[in-house]
Amino acid sequence: MPAEKSRKKLTLIDKSISYTLMILLAIFFLFPLIYMISTSLNPDELDILKRMGSIKAFIPSPASLKNYSDVFARMPFGRFIFNSVLIVSLTVLAGLLVNSMMAFGLARFTFKGRGLLVSIIVALMIIPFETIAVPLLLMTNKFGWLDSYHVQIIPFIANPFYIFLFYQFFISFPKALEEAALIDGASWFKIYWKIALPLSKPILASVAILHFLMQWGFFLWPLMVTRGPEYRPLPVAMQVFFGQYPRDWGDIMAFATMMTAPVLILFVVLQGQYVKSVSQTGIK
Amino acid sequence: MAKMFYEKKRGFKYAFIFLLPGLALLITFIIIPFLSAFYLSFTNQRLISRLPIRFIGLTNYKKLLDDDLFWKGLFNIFKFVIIVVPLQTAFALALALLVNKRIKFTKFFRTVYFMPTVTTMVVVAVIWTFLYNPEGFINLFLQKMSFGSWQPVDFIKNENWAFPAIMFMSIWQGVGFQMLIFLAGLQEIPVSLYEAATIDGANNWQKFRKITLPQLKNTTAFVIISTTILAFRLFDQVKVMTDGGPNAATYTVVLHIYNMGFKRQYIGYASALTVVFFLLVLAISVIQRFLLKEEREVS
């Protein structure tokens, strides 16, 4: 924004071109989502197929929630939601604790090998999950972990990138308060819990958002480690349902809407925080 | 005195408890699996097997050289990178410039543009499969735009169209994320640079070329590298939409790793694929960092 300050006021032509472009782009980014919602509200499968190639597909005229109740009737949908929410929330919460603790340990103490440890964390960031998926599958299979919640949680708690984000934050903020507390006889854990963490709300929020998004959409790993519906999270359940023929598009879109709408609403509400989190991924 | 007391309490003895959980998890679930991929790639390890594991030297790597599907997957990924990375980067920059204007409602539009990025890829793939139907909305749109001369195609099942269709959808989904990163970069450019340029009588295009672009070098480098690596990891949308077909037109390396390691349970061979995949990712990011750095130093 400051970039524009020096310029004279935008002319009317400039403005109208900008708005036209922005509106067209908004349509481009929104139409698939609107399509998803309007199709999910159409109870008549034949009508969905008839309309899918016309602008009428975007208007849910005989709107009903039949597809939504169908989804619950056709599969243990509540279970899938429960699985996803449980897996994601436990991973993110444990992740916040473990990753911030490790970063605190690296940022606040001086010991031999500290620098090396930080470099190792940075180096680990380059390893994509895909390169450890296969050996991890072998390992967790040997542990007897397949088809469980913990196989989808425990390996994804510690994350070098989030440790690094916390580390950057901790080294940049003043230590005076902590030093005073230490002299007053507070333990390090108390300092971490009562001083460092409460001051870290912005970075906690950023990491939580990034971790949440990654886990919520995680597909490759649960596809390999869940067999039945019992521990299956939403993305895999979606893919399994999508693979059943004949496809019932109304039900599929109702499923998609239920999986997407809460997250979309959450992010529209938290949009300022989301923008900040993403910007932070850029400082590498 | 106080300082000394403080220093005394900063040794490893005190740090250890903070490092322990993170270290244990990183070692168990990242470092050990990562290193064991190298080891496993020289063995005939299966997921479940009663036969003893044998060292088979470079057999897996030799097999990989003759594996047409691996090469097809690699070729597709390079195709994806060459087409998608420049398009998506340029598009993201254009979006960022647009919502960075000092006019009303830009926050609203910014929010709309990033909505696809918070939508799970599996869901995105499902919606677009519907849109890409031969009688679906994309065909209708192209027909209207071309005044009826467009012949409807079954994008997903057509060998020539399936991959471009997935590329287009991937850009739709991912560009908002890069836009936000560019936006952060734009907001860090000092206003004084533009003010000075205005005094010197520079026009908007000159300001963009001489100030905005050079100032965004680091951001652009980051966006290019991260988009390239995302392209290498291409899996979700391909698995859901085409499962690599038709005729391997959308096959990718990660899909191959999945098929070999999980479906056929050839852990040894999949590990060899994994090692090669990792070395490629590493090489690409080192080369890109190097090239972009050179450029930065020159300018």
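Chain identifiers are assigned alphabetically (A, B, ...) following the order of the sequence lines, protein sequences preceding nucleic acid strands; residue numbering begins at 1 within each chain. Worth saying up front: this structure is predicted, and the values here are computed from it rather than measured.
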In sequence, state the C-alpha distance, the side-chain angles, and the governing distance for A:Met238 and B:Thr120, and then conclude on side-chain contact (heavy atoms from CB on, under 4.5 Å).
CA-CA 11 Å; A:Met238 170 95 260; B:Thr120 303; over 6 Å; no
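Using a 4.5 Å cut-off between heavy atoms, B:Leu20 makes no contact with chain A at all. Contacts between A:Leu213 and chain B at a heavy-atom distance below 4.5 Å involve the side chain alone, from C-beta outward. B:Arg46 touches chain A through its backbone: at least one of N, CA, C or O sits under 4.5 Å from a heavy atom, while the side chain does not. With a 4.5 angstrom heavy-atom cutoff, A:Arg51 does not touch chain B via any of its atoms. Heavy atoms of A:Met259 lying under 4.5 Å from chain B belong exclusively to its side chain. Of the two parts of B:Gln173, neither the backbone nor the side chain holds a non-hydrogen atom closer than 4.5 Å to a non-hydrogen atom of chain A. For B:Leu26, the parts sitting under 4.5 Å from any heavy atom of chain A are the backbone and the side chain alike. Proximity to chain B (any heavy atom under 4.5 Å) is restricted, for A:Thr39, to the side chain, taken from C-beta onward. With a 4.5 Å cut-off on non-hydrogen atoms, B:Ser226 does not touch chain A at all. Using a 4.5 Å cut-off between heavy atoms, B:Lys104 contacts chain A through both its backbone and its side chain. Interface residue B:Val118: backbone and side-chain heavy atoms are both found under 4.5 Å from chain A. A:Leu124 touches chain B through its side chain: at least one heavy atom from C-beta onward sits under 4.5 Å away, while N, CA, C and O do not. Of the atoms belonging to A:Leu117, it is side-chain heavy atoms, and not backbone ones, that fall under 4.5 Å from chain B. For chain A, the nearby part of B:Phe109 is the side chain; its heavy atoms alone come within less than 4.5 Å. For a residue to count as touching a neighbouring chain, one of its non-hydrogen atoms must lie under 4.5 Å from one of that chain's; by this rule A:Leu223 touches chain B with backbone and side chain alike. Heavy atoms of A:Phe242 lying under 4.5 Å from chain B belong exclusively to its side chain. Interface remark: A:Asn141 contributes side-chain atoms only to the contact with chain B (heavy atom separation under 4.5 Å). Heavy-atom distances place no part of B:Leu193 under 4.5 Å from chain A, backbone and side chain included.
Interface remark: of the candidates B:Val275, B:Val240, B:Asp236, B:Asp236 forms the most heavy-atom pairs closer than 4.5 Å to chain A. Ranked by non-hydrogen atom pairs under 4.5 Å with chain B, the options A:Pro32, A:Ser100, A:Ala26 are led by A:Pro32. Ranked by non-hydrogen atom pairs under 4.5 Å with chain A, the options B:Tyr258, B:Phe277, B:Phe141 are led by B:Tyr258. Note on A:Phe156, A:Phe218, A:Phe31, A:Phe212: by heavy-atom pairs under 4.5 Å with chain B, the leading option is A:Phe31. The greatest number of non-hydrogen atom pairs below 4.5 Å with chain B, out of A:Ile154, A:Ile252, A:Leu106, is found for A:Ile154. Listed options B:Gly136, B:Ala184, B:Pro134 were ranked by heavy-atom pairs under 4.5 angstrom with chain A; first place goes to B:Gly136. Interface summary for chain B: among A:Leu137, A:Leu49, A:Ile120, A:Leu97, the most heavy-atom pairs under 4.5 angstrom belong to A:Leu137. Contact tally against chain B (heavy-atom pairs below 4.5 Å) for A:Val98, A:Thr131, A:Ile23: the top residue is A:Thr131. By number of non-hydrogen pairs under 4.5 angstrom with chain A, the leading residue of B:Thr117, B:Leu35, B:Ile211, B:Val223 is B:Thr117. Chain A forms the most heavy-atom pairs under 4.5 Å with one residue out of B:Gly176, B:Pro116, B:Ser271, and that residue is B:Pro116. Top candidate by heavy-atom pairs under 4.5 Å with chain B, chosen from A:Phe189, A:Trp216, A:Tyr274, is A:Tyr274. If you tally non-hydrogen atom pairs under 4.5 Å between each of B:Thr219, B:Ile17, B:Asn133 and chain A, the highest count goes to B:Asn133.
Rounding to the nearest 0.5 Å places CG of A:Leu220 at 9.0 Å from CD1 of B:Ile257. In this structure, the separation between CD1 on B:Ile30 and CD1 on A:Ile132 is 5.0 Å, given to the nearest 0.5 Å. The CZ atom of B:Phe130 sits 4.5 Å away from the OH atom of A:Tyr35 when rounded to the nearest 0.5 Å. Expressed to the nearest 0.5 Å, how far OG1 of B:Thr106 lies from OH of A:Tyr19 amounts to 7.5 Å. Note that CE of A:Met22 is 3.5 Å distant from CD1 of B:Ile103, once rounded to the nearest 0.5 Å. Taking CG from A:Leu30 and CE from B:Met115, the interatomic distance works out to 5.5 Å, rounded to the nearest 0.5 Å.
Applying the side chain to side chain contact (heavy atoms under 4.5 Å, CB included) rule to A:Thr20 yields the partners A:Leu24; only residues at least two apart in sequence or on another chain are considered. Partners of B:Arg233 under the salt bridge (charged side-chain N to carboxylate O under 4.0 Å, His left out) rule, at least two apart in sequence or in another chain, are A:Glu130.
Ring planes of B:Phe91 and A:Phe28: tilted class, angle from 30 to 60°. Taking the six-membered ring where tryptophan is involved, the planes of A:Phe29 and B:Tyr113 are tilted, since the angle between them lies from 30° to 60°.
Using a 4.5 Å cut-off on side-chain heavy atoms (C-beta onward), A:Phe255 and B:Val126 make no contact. Between B:Phe114 and A:Val278 there is no side-chain heavy-atom pair separated by less than 4.5 Å. Using a 4.5 Å heavy-atom threshold, the side chains of A:Trp249 and B:Thr129 count as touching. Under the 4.5 Å side-chain criterion, counting only non-hydrogen atoms from C-beta, B:Met121 is not in contact with A:Phe219.
Heavy atoms only, all atoms of each residue included: B:Leu40 and A:Pro135 are closest at CD1-CB, 4.0 Å. Contact detail for A:Met102 and B:Leu19: the closest heavy-atom pair is O-CD2, 3.5 Å. Nearest heavy-atom pair, A:Phe111 versus B:Ala15, reported as atom, atom and distance to 0.1 Å: CE2-CB, 3.6 Å. Closest heavy-atom contact between A:Ala158 and B:Gly22: CB-O, 4.0 Å.
Within 6.0 Å of atom CH2 in A:Trp145, more than 12 heavy atoms from other residues, nucleotides or ligands are found, so the atom counts as buried in its surroundings.
The ring of B:Phe137 has its center closer than 6.0 angstrom to the ring center of A:Phe58.
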